[in-house]
Amino acid sequence: MSPKDAERYDPRAMEPHWQKLWEERGSFTVADTDSREKYYVLEMFPYPSGRIHMGHVRNYAMGDVVARFMRAKGYNVLHPMGWDAFGMPAENAAMQNKVHPKKWTYDNIAAMRTQLKAMGLSIDWSREFATCDVEYYHQQQKLFLDFWAAGLVTRKKSRVNWDPVDQTVLANEQVIDGRGWRSGALVEQKELTQWFFKITDFADDLLSAIDTLADWPEKVRLMQRNWLGKSEGLLVRWQIVEGTAPEDVTELETYTTRPDTLFGASFMAVAPTHPLATLAAAKNPGIAAFIERCRHIGTSLAALETAEKQGIDTGIRVRHPFDPEWELPVYVANYVLMEYGTGAIFGCPSADQRDLDFVHRYALPVVAVVLPEGADAASFVIADEAFVGPGTMINSRFLDGLTTKAAFEEVANELAKVEVNGRPQAERRVNYRLRDWGVSRQRYWGCPIPIIHCKTHGEVPVPDADLPVRLPDDVTFDRPGNPLDRHEGFVNVKCPICHQPARRETDTMDTFVDSSWYFVRFTAPRAKTPTEPKTANAWLPVNQYIGGVEHAILHLLYARFFTRAMRLTGHLNVSEPFKGMFTQGMVTHETYKGADGRWLFAEEVDLAAIPPTHRQNGEKVTIGSIESMSKSKKNVVDPDAIVAAYGADTARWFMLSDSPPERDVQWTEAGIDGAWRFVQRVWRIAVDCARPATADRRADRSSFDAPALTRATHRAVARVGQAIETLRFNVAVAHIYELANVLAKALAAVESGEAMPEERAALALAARVLVQLIGPMMPHLGETCWRALGEKGLLADAPWPLADPSMLSDEMIVLPVQVNGKRRGEISVAQGAPQAEIEALALSLEPVSRILAGRPPRKLIVVPDRIVNVVV
RNA sequence: GCGGGCGUGGCGGAACGGUAGACGCACGGGACUUAAAAUCCCGGGAGGGUUUCCUCAUGCAGGUUCGACUCCUGCCGCCCGCACCA
């Protein structure tokens with residue numbers, strides 16, 4: 001090893017050293033009782049897939065910067081970590097590799113814990129838990145029963161999305177383009193009795209409270225609003241013409257947001273699964289056949305896009321609410337959804353494109369009822385395009401001439417007055433797209449639902465003394481389906497009430513349940529109750545939550561629901577779980593494809609060759625698009641390899657540099673090399689600053705502007721702090737580079753010569769601050785430099801430096817001078833110089849006086865400390 | 001279809017309405033070295049002018065303003081979310 005090498009910073013030696021020290025000292029163990037203000041920062045906890053990926057590195061690096069920064073700012077910071085450990089991959093592994101899900105999961109956790117610890121995160125590991133720990137799901141079962149007692153849990157028969165590959169039920173949210181979100185299999189419709197959380201009870205509050213989430217991305221708030229899908233309309237009850245409907249049904253309820261278009265109605269339509277359709281089908285094989293066809297169309301995107309609007313006349317007729325003589329036909333239509341509204345609509349083809357498409361096929365009348373602004377009433381017709389906008393009512397009897405809005409009110413008011421069968425003919429109704437959350441999963445590796453089914457007593461909660469309902473270990477995965485179903489010891493129990501033989505519920509909970517309250521559990525992870533309400537209330541809400549945008553709807557909505565349900569059941573008393581939310585971008589990488597179109601690993605490609613070729617077979621390689629890292633595209637970079645080669649600090653620094661955190665960042669060799677160079681550069685600066693200056697002062701040594709260096713130092717403190725507070729890590733990194741550059745230049749000036757006392761003070765301050773500023777991002781390097789600079793104690797315990805506001809700007813200010821908004825020169829003035837002096841200087845500037853040519857300026861604008869603009 | 005976001009050098013990107021291109025990457029030149037690596041220094045939006053200068057430049061076209069990457073209007077392009085929601 002050459003002497004130069006000895007001066008290199010070696011992360012492989014230093015990183016484990018500091019990690020051990022932090023752990024021994026319990027540096028990041030946080031106490032609930034602490035007089036300092038609390039700050040709770042949380043990154044979405046990982047699924048223990050086996051190895052961490054670069055997305056984790058980015059996510060946890062960001063969270064750690066916030067955590068360490070806030071700690072240094074004097075807050076009592078809670079920064080925990082756990083494992084979202086239930087779920088299907090463990091069972092898939094069990095089936096494929098004959099390894100028990102429990103062993104697979106805990107082995108993975110152990111491996112990933114080691115990896116995360118190697119990143120040097122400031123995590124309070126004493127609070128760690130996995131959702132598959134009995135202690136955790138025990139408390140979750142208690143929550144379930146509390147929700148059940150509070151009426152927030154129901155069991156209902158429902159048509160569910162059935163994943164034929166995973167052999168399980170999926171929530172609507174887990175069906176993407178008609179396919180299972182995990183297996184990708186085409187989802188089938190199936191009738192099953194399922195457990196539901198009544199998230200719709202909170203629909204109104206979940207929607208209105210979005211307005212209070214000021215520190216959430218607007219995008220996420222919008223996605224949540226859309227998902228809740230509030231609409232305000234009218235429930236209209238239509239009288240069925242006597243004798244036209246089977247079983248003496250007398251009424252058909254429809255939901256509409258456009259009651260103003262009631263006189264444009266030309267038909268009624270019910271969903272294929274609507275009870276009236278079922279009744280009609282029983283009498284009419286043609287209708288039955290049509291409904292059967294609808295069942296098979298499926299819900300895939302392609303099917304929906306190509307599906308024509310189709311229907312069949314049931315023969316049933318209804319009377320128009322405003323005209324008993326006016327009868328309309330009732331169709332079964334394939335585009336009406338049972339799940340939304342009442343599953344029945346009135347069709348107004350002139351004001352709804354779908355209805356228009358429908359009537360074109362069945363030759364029903366089209367009556368224009370809304371006249372767009374500026375259109376001519378005499379010539380206005382609806383051809384192929386419905387007019388859905390606002391306008392003036394026409395062809396609508398007593399509504400004619402009203403605006404659509406006024407017509408809405410008129411219809412609502414008039415129909416409310418009419419009573420039929422003791423009920424008003426129409427009522428205002430708020431409707432949500434949101435449906436109750438089906439949590440039943442026919443799987444083994446999840447939290448058992450603590451219910452016993454008794455022939456006499458129905459659904460009986462497992463008594464508290466009998467909790468937890470443990471997952472049995474002796475299960476087999478040689479057949480598809482739920483192993484719990486065929487585990488006699490698990491299933492056969494006695495009814496807690498009558499002690500007769502009964503059957504234990506074998507459904508387990510959706511893993512989204514596990515992740516809906518883990519952030520609460522972190523506040524009291526070992527409590528014998530789900531929470532310690534006082535402790536939970538003190539820590540919550542999470543001040544800053546950081547994670548992927550893919551969880552912007554489901555996870556966040558469920559967590560918001562849980563917070564409300566837990567408040568209702570007395571487990572905590574906060575209104576929202578996450579005060580601040582940040583969605584980070586993905587880590588991307590170039591892709592490579594061989595001549596045969598196969599994806600290739602970067603290591604297989606000789607990129608130096610022109611064109612790039614395959615290292616083994618010499619074939620030409622195509623450089624593909626930049627995509628998010630995925631195993632299937634072979635464009636992954638293993639964090640372990642990076643940490644081994646460069647150290648965690650380098651990886652963290654790169655993940656925080658350059659790209660704004662909400663955008664995707666591209667992984668490149670050059671980028672990681674650049675980060676590595678900066679690590680070494682900081683180390684050299686620290687070493688040079690720590691080295692005692694040589695005794696004899698060289699006469700020819702250059703000097704530097706010490707006050708300027710000190711001002712630059714203060715500016716860096718202010719700017720970096722501000723950037724971190726607003727989570728703009730790339731900007732913080734840039735400001736750190738600036739300080740490092742200025743400092744390095746100053747150092748070079750006094751190299752091998754003795755610095756003047758004021759110079760030495762400026763250098764020492766700058767070096768100390770630089771180390772403090774990099775601390776949150778590169779904590780190991782920070783500690784090493786901290787010690788090299790002779791500081792006592794740990795950087796992790798050092799308070800954040802304070803910027804002196806009076807030091808933030810230079811004494812002499814360079815003011816740009818514009819003529820008509822175009823820069824023509826600059827003047828140098830003292831800070832706070834009188835306006836007259838600035839004006840005189842600006843006007844005497846050569847280019848300015850030349851353009852003015854003796855004339856006085858029309859206007860002279862001086863923005864203090866910013867700019868001068870001369871208007872000619 | 002509905003909703004949202006984004007368009008700035010070769011690249012990632014900076015810029016309270018106030019000097020556009022901070023900072024990094026890549027590139028070119030130089031120093032050190034027998035050499036390489038490492039490191040350090042210098043350079044750079046485009047076009048023109050013999051240096052200290054001018055013109056044009058933040059997707060396009062307008063507007064507001066003393067002054068616009070930033071605000072407004074209309075286009076074009078890309079990305080994302082939702083989608084037969086009555």
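Residue numbering restarts at 1 for every chain, and letters A, B, ... go by the order of the sequence lines. Quick caveat: nothing in here was measured; it's all calculated off a predicted structure.
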Whole Å only: how far is the CZ atom of A/F346 from the P atom of B/C84? 20 Å

Flag, side chain of A/N635 to backbone of A/S630, donor-acceptor distance under 3.5 Å: yes

P spacing across the pair B/A36 / B/G29, given as an integer number of angstrom: 13 Å

Under a plain distance cut-off of 3.5 Å, with no hydrogens placed, do A/N730 and A/R663 share a side-chain donor-acceptor pair? no

P spacing across the pair B/C75 / B/C84, given as an integer number of angstrom: 27 Å

With P as the reference atom in both, quote the distance from B/C25 to B/A31 in angstrom, rounded to an integer. 22 Å

Taking atom P of B/C53 as reference, at what distance in whole Å does atom CD1 of A/I851 sit? 12 Å

A/F267-A/F346 aromatic ring centre distance below 6.0 Å: no

In whole Å, what separates the P atom of B/U8 from that of B/U58? 11 Å

Students often get this wrong, so: under 4.0 angstrom with heavy atoms, is A/L222 touching a base, only sugar-phosphate, or nothing? sugar-phosphate

How long is the line joining CZ of A/R433 and P of B/G81, in whole Å? 14 Å

With rounding to the closest Å, how many angstrom separate the C1' atoms on B/A20 and B/A38? 35 Å

Output the single nucleotide from B/A86, B/C66, B/C82 whose closest atom is nearest the side chain of A/T256. B/A86

Check the distance between B/A86's P and A/Y340's OH and give it to me in whole angstrom. 4 Å

Rounded interatomic separation in angstrom, taking CG from A/L815 and C1' from B/G67: 15 Å

Near-ring test A/W216/A/F582, centroid separation under 6.0 angstrom: no

Can you check whether A/R824 has a side-chain N or O nearer than 4.0 Å to OP1 or OP2 of B/C54? yes

What distance, rounded to whole Å, do you find between the two P atoms, one in B/A57 and one in B/G63? 14 Å

For the residue pair A/Y331 and A/Y362, is the inter-centroid distance of their aromatic rings smaller than 6.0 Å? yes

So A/V336, base contact, sugar-phosphate only, or nothing? Heavy-atom distance under 4.0 Å. base

Which value, in whole Å, describes the distance between the C1' atoms of nucleotides B/U34 and B/C23? 37 Å

Name the stems that RNA chain B belongs to, where each is three or more consecutive Watson-Crick or G-U pairs with both distances under 3.5 Å? B:1-7 with B:76-82, B:10-12 with B:23-25, B:27-31 with B:39-43, B:45-48 with B:53-56, B:59-63 with B:71-75

Base of B/C66, side chain of A/N869 - is there a donor-acceptor contact under 3.5 Å? yes

Answer yes or no: are there more than 12 heavy-atom neighbours, outside A/D211 itself, under 6.0 Å from its atom CG? yes

Sugar-phosphate, base or nothing in reach of A/S657, heavy atoms under 4.0 Å: nothing

Which is more 5' along RNA chain B, the nucleotide nearest A/V665 or the one nearest A/V814? Just name the residue. A/V665

Gap between atoms NZ and P, on A/K309 and B/C84 respectively (whole Å): 9 Å

From the set B/C40, B/A38, B/G24, return the single nucleotide nearest to any side-chain atom of A/N741. B/G24

Can you check B/G4 for me, syn or anti if syn means within 90° of 0? anti

So, using salt bridge (charged side-chain N to carboxylate O under 4.0 Å, His left out) as the criterion, who are the partners of A/R652 when residues are at least two apart? A/D64

Spacing of A/E826 atom CD relative to B/G18 atom P, expressed in whole Å: 18 Å

Indicate, with a heavy-atom threshold strictly under 4.0 Å, whether A/E738 touches base, sugar-phosphate, or nothing. sugar-phosphate

Distances under 3.5 Å only, N/O to N/O: pair up the protein atoms with those of nucleotides 25-28 of chain B.
{"from": "B/C25", "atom 1": "OP1", "to": "A/R677", "atom 2": "NH2", "distance (Å)": "3.2"}
{"from": "B/A26", "atom 1": "OP2", "to": "A/R677", "atom 2": "NH2", "distance (Å)": "3.2"}

Of the nucleotides B/A22, B/C82, B/G7, which one has an atom closest to the side chain of A/A734? B/A22

Can you establish whether the number of heavy atoms outside A/E385 located under 6.0 Å from its atom CD is more than 12? no

Would you call the rings of A/W653 and A/Y737 parallel, tilted or perpendicular, taking 30° and 60° as the class edges? perpendicular

Taking only the side-chain heavy atoms of A/Y335 (C-beta and beyond), determine which of B/C84, B/A14, B/C66 contains the nearest atom. B/C84

Under a 3.5 Å cutoff, is there a donor and acceptor pairing between the side chains of A/Y432 and A/S231? no

Taking atom P in both B/G12 and B/C56, what distance in whole Å separates the two? 27 Å

Proximity to the side chain of A/R823 - top-ranked nucleotide from B/A83, B/C84, B/U19: B/U19

In whole Å, I'd like the distance from the CZ atom of A/R728 to the P atom of B/A14. 7 Å

Nearest to the side chain of A/R8, heavy atoms from C-beta on, is which of B/A86, B/A38, B/G81? B/A38

Just to be sure I understand the rule, does A/R858 reach a base, reach only the sugar-phosphate, or reach nothing, if contact means heavy atoms closer than 4.0 Å? nothing

Where the side chain of A/S231 is concerned, which of B/A86, B/C84, B/C40 is the nearest nucleotide? B/A86

Over 12 foreign heavy atoms within 6.0 Å of CD, A/Q722: no

Where the side chain of A/P816 is concerned, which of B/A14, B/U19, B/G4 is the nearest nucleotide? B/U19

Nucleotide nearest A/K822 (side chain, heavy atoms from C-beta), chosen from B/U55, B/G13, B/G67: B/U55

I'd like to know if A/K219 reaches the base of B/C80 with its side chain such that a donor and an acceptor end up less than 3.5 angstrom apart. no

What is the nucleic acid contact for A/R663, judged by heavy atoms within less than 4.0 Å: base, sugar-phosphate only, or nothing? sugar-phosphate

OP1 or OP2 of B/A14 less than 4.0 angstrom from a side-chain nitrogen or oxygen of A/N730, does that happen here? yes

Residue closer to the 5' end of RNA chain B, A/R866 versus A/T342 (nearest nucleotide): A/R866

Got a salt bridge between A/R237 and A/E427, using NZ or NE/NH1/NH2 to carboxylate O under 4.0 Å? yes

Need one value for A/P847: base, sugar-phosphate or nothing, where a base atom within 4.0 Å counts as base even if backbone is also close, heavy atoms only. nothing

Evaluate whether atom CZ of A/R433 has more than 12 neighbouring non-hydrogen atoms of other residues, nucleotides or ligands under 6.0 angstrom away. yes

For A/R429, which contact category applies under a 4.0 Å heavy-atom criterion: base, sugar-phosphate, or nothing? nothing

